[in-house]
Amino acid sequence: TTRGEAMELYRHRCQRGYALDRQTETVCEKSVQVGWTEVEMAREFDYCARGYTVFHMFPTLEIRGRYVQNRFNRTVAAVPYYEMLMDDSRQFTRGGQTAPDAMTLKQIGRAAIYFVGANQTASMAEAPADVLLIDEYDRCAEESIELAKDRLGASPLQAFHVIGNPSLPHRGVSELY
């Protein structure tokens, strides 16, 4: 976790089945600060370890930046397995050069995670993906969601995962659920 502690799914029974499930389409209605984002991060690393590229969309670039700096980077530094996967990506970069540590792209082995903000559709161009994760679905613009879905067009997997706090009954993530 971002606190440097191991995830203990036996304490969070409601997350255990979800975390271990390899379904390619999931919708999660959640409340704030209950650990679902960490579960999704583990799922992203699992996809990348199997060679699948992930497209992770947030409502805004600002939220994306805070997530990458405060949660993703800190968790990678605290989890040796994640750090090893990211170190392994160096062998797949051109000329043996280390992939840049960026806000938008994290190389993980032969795959990658693209982090984008729904408020800037230009960041969605030229990023083919196998997996789409939409974080805070109700706060993302519908146009951006449709553009993000297009990133899966050439993938044989086409995994689609949504997490978010419901804003209105029978709308957004609540409707998908």
Name all residues meeting the side chain to side chain contact (heavy atoms under 4.5 Å, CB included) criterion together with [X]; count only those two or more places apart in sequence or in a different chain, and write none if there are none.
X      : result
Ile63  : Phe58, Pro59, Thr60, Arg66, Arg139
Glu142 : none
Thr104 : Arg64
Glu25  : Phe160

If you take all heavy atoms of [X] and [Y], which pair is closest and at what distance?
X      : Y      : result
Gly51  : Asp130 : O-OD2, 4.2 Å
Thr121 : Glu143 : CG2-OE2, 4.3 Å
Arg74  : Gln69  : CG-O, 3.9 Å
Tyr47  : Thr24  : OH-CA, 4.1 Å
Cys48  : Ile108 : CB-CG2, 3.6 Å
Ala112 : Gln107 : CB-OE1, 3.9 Å

* Lys106 side chain reached by Val68 side chain, heavy atoms, under 4.5 Å -> yes

* **Side chain to side chain, His161 and Val131, heavy atoms closer than 4.5 Å** => yes

* **Other residues, nucleotides, ligands: >12 heavy atoms within 6.0 Å of Tyr52 OH** => no

* Residues in ring-ring contact (aromatic ring centres under 6.0 Å, His included) with Phe115, at least two apart? -> His56, Tyr67, Phe72

* Looking at Leu132, Ile134, Leu133, which hits side-chain contact (heavy atoms from CB on, under 4.5 Å) with Phe55? -> Leu132

* **Pair Met57-Ile145, side-chain contact (heavy atoms from CB on, under 4.5 Å): steps then yes or no** => CA-CA 8 Å; Met57 186 168 77; Ile145 291 170; 3.6 Å; yes

* **Phe45 CZ to Ile113 CD1 distance, which is reported to the nearest 0.5 Å** => 5.5 Å

* When rounded to the nearest 0.5 angstrom, what distance separates CG in Asp135 from CD in Glu40? -> 8.0 Å

* Asked: Would you say Met103 and Leu61 are hydrophobically clustered, going by side-chain heavy atoms of ILVMFWY under 4.5 Å?
  -> no

* Asked: Which salt bridge (Lys or Arg N to Asp or Glu O under 4.0 Å) pairs, counting each pair once, include a residue from residues 46-60, with sequence neighbours left out?
  -> Arg22-Asp46, Asp46-Arg50

